[in-house]
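Only a predicted model underlies this, so the values are computations on that prediction, with no experimental measurement involved.
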Amino acid sequence: MKLSIKSLLCVILIVVGALMANGQTHALKSNLLSDVTLTLNGAYEYKVAPKWTVELGGNLNAWTVNEHRWKQWSLVPEARYWFCQAFSGHFIGGHLLGGEYNWGNLDMNFKMLGTDFSKLKDYRYQGWMVGAGIVYGYSWILNRHWNIEAEIGLGWVYTRYDKFECHDCGKRVERNKPHNYVGPTKAAVNLIYTF
């Protein structure tokens, strides 16, 4: 029996396709909570084992709205362990974070674990941050390519900042001041496209 080139190519493509057909291994996502604050955001997640994924996310808010300053950028790498299979059901993980910020004229009248957020109304803070935390979440499969995911993270953030008298002007009141924060480090309701 003589095989033609076309037949041989078809057999090779079928075998290679069958070896590569292992379900979704990639995901693109957007945090809907960040979208509400006009923060550009996105993440890419990759399956490295049947129950393990790694993710690199980031966000950027580079503008002032109604004299409220919430300018910042950050990168957040994360590793996840899925209890069932990747991109489905419960997961736990760990994340790192780092970035810079310039915040002022924000009316956030609350305190959390030694951090007084009400000071953001009267002063402007500009600095950098690094931290780490743990996460828990759940992903609901909507169809073959779309998921919705909820995630919460707790951890520690170390920051150094300069403090200024008012939200967009004024003299520097403090320079290179350190601060440790312990509390929520991540909150997300992600819209996800898997492929």
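Tyr158 approaches Pro178 most closely through the heavy-atom pair OH-CB, 3.5 Å. The nearest pair of heavy atoms linking Lys47 to Thr53 is CA-CG2, 3.8 Å. Between Thr194 and Arg144, the shortest heavy-atom distance links the atoms OG1-O, 3.6 Å. The heavy-atom pair separating Gly57 from Ala43 by the smallest distance is CA-CB, 3.7 Å. Ile192 and Ala27 make their closest contact through CG2-CB, 3.7 Å (heavy atoms, listed as atom of the first residue, atom of the second, distance). Across all non-hydrogen atoms, the minimal contact from Ala132 to Leu96 is CB-CD2, 3.8 Å.
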Steps toward side chain to side chain contact (heavy atoms under 4.5 Å, CB included) verdict (Ser74, Leu97): CA-CA 7 Å; Ser74 65; Leu97 62 96; 5.8 Å; no
Verify side-chain hydrogen bond (donor to acceptor under 3.5 Å, both in side chains) between Tyr161 and His179, making sure each step is shown before the conclusion. CA-CA 8 Å; Tyr161 63 86; His179 181 71; 5.4 Å; no
Let me see the working for Arg175 and Arg160 under side chain to side chain contact (heavy atoms under 4.5 Å, CB included), right down to the final yes or no. CA-CA 9 Å; Arg175 180 186 299 271; Arg160 284 197 173 264; over 6 Å; no
Full working for side chain to side chain contact (heavy atoms under 4.5 Å, CB included) between Val157 and Thr185: CA-CA 8 Å; Val157 176; Thr185 53; 3.9 Å; yes
Before giving the answer on side-chain hydrogen bond (donor to acceptor under 3.5 Å, both in side chains), spell out for Trp73 and Glu100 the whole-Å C-alpha distance, their side-chain angles and the decisive distance to 0.1 Å. CA-CA 6 Å; Trp73 70 266; Glu100 295 179 309; 2.8 Å; yes
Go through the steps to decide whether Trp82 and His90 satisfy the test side chain to side chain contact (heavy atoms under 4.5 Å, CB included), and finish with yes or no. CA-CA 6 Å; Trp82 297 81; His90 297 276; over 6 Å; no
Kindly determine whether His145 and Phe195 satisfy ring pair (Phe, Tyr, Trp, His ring centres under 6.0 Å), including the steps that lead there. CA-CA 6 Å; His145 291 289; Phe195 56 100; 8.1 Å; no
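Listed for the Thr159 side chain is a donor-acceptor partner under 3.5 Å among the backbone atoms of Trp128. Between the side chain of Asn41 and the main chain of Asn31, a donor-acceptor pair closer than 3.5 Å is present. Under the 3.5 Å distance criterion, the side-chain polar atoms of Asn59 are left unmatched by any main-chain donor or acceptor of Leu75. Without hydrogens or angle criteria, Asp162 side chain to Asn176 main chain gives a donor-acceptor distance under 3.5 Å. Between the side chain of Ser88 and the backbone N or O of Gln85, no donor-acceptor pair lies under 3.5 Å.
Cluster membership for Leu32 and Trp140, using ILVMFWY side-chain heavy atoms within less than 4.5 angstrom, is shared. Transitive grouping of hydrophobic side chains (ILVMFWY, heavy atoms separated by less than 4.5 Å) brings Tyr44 and Val54 into a common cluster. There is no path of hydrophobic side-chain contacts, each under 4.5 Å, that joins Ile152 to Ile134. Leu154 and Val130 fall into different hydrophobic clusters, where Ile, Leu, Val, Met, Phe, Trp and Tyr are joined by side-chain heavy atoms under 4.5 Å apart, directly or via other members. Clustering ILVMFWY residues whenever any of their side-chain heavy atoms sit less than 4.5 angstrom apart, transitively, puts Leu33 in a cluster other than the one holding Val135.
Using a 4.5 Å heavy-atom cutoff, the side chains of Glu149 and Val189 are not in contact. Counting only heavy atoms from C-beta outward, the side chains of Ile148 and Asn190 never approach each other to under 4.5 Å. At least one side-chain heavy atom of Phe164 sits less than 4.5 Å from a side-chain heavy atom of Gln126.
Salt bridge Arg124/Glu165: absent, no basic N to carboxylate O contact under 4.0 Å. In summary, Glu55 and Lys186 engage in a salt bridge, as defined by a charged side-chain N under 4.0 Å from a carboxylate O.
For an aromatic pair to be called close, the ring centres must be under 6.0 Å apart, and Trp146 with Tyr193 satisfies this.
Tyr123 carries Lys163 over the face of its six-membered ring, with the cationic atom under 6.0 Å from the centre and within 45° of the normal. Taking the centre and axis of the six-membered ring of Phe91, the NZ or CZ atom of Arg80 falls inside the cone set by 45° and 6.0 Å.
Among Thr37, Thr39, Asn102, the single residue meeting the side chain to side chain donor-acceptor pair (under 3.5 Å) criterion with Asn61 is Thr39.
Taking the six-membered ring where tryptophan is involved, the planes of Tyr46 and His26 are tilted, since the angle between them lies from 30° to 60°.
Phe87 contributes atom CZ, which lies 10.5 Å from atom CD1 of Ile141 (distance to the nearest 0.5 angstrom).
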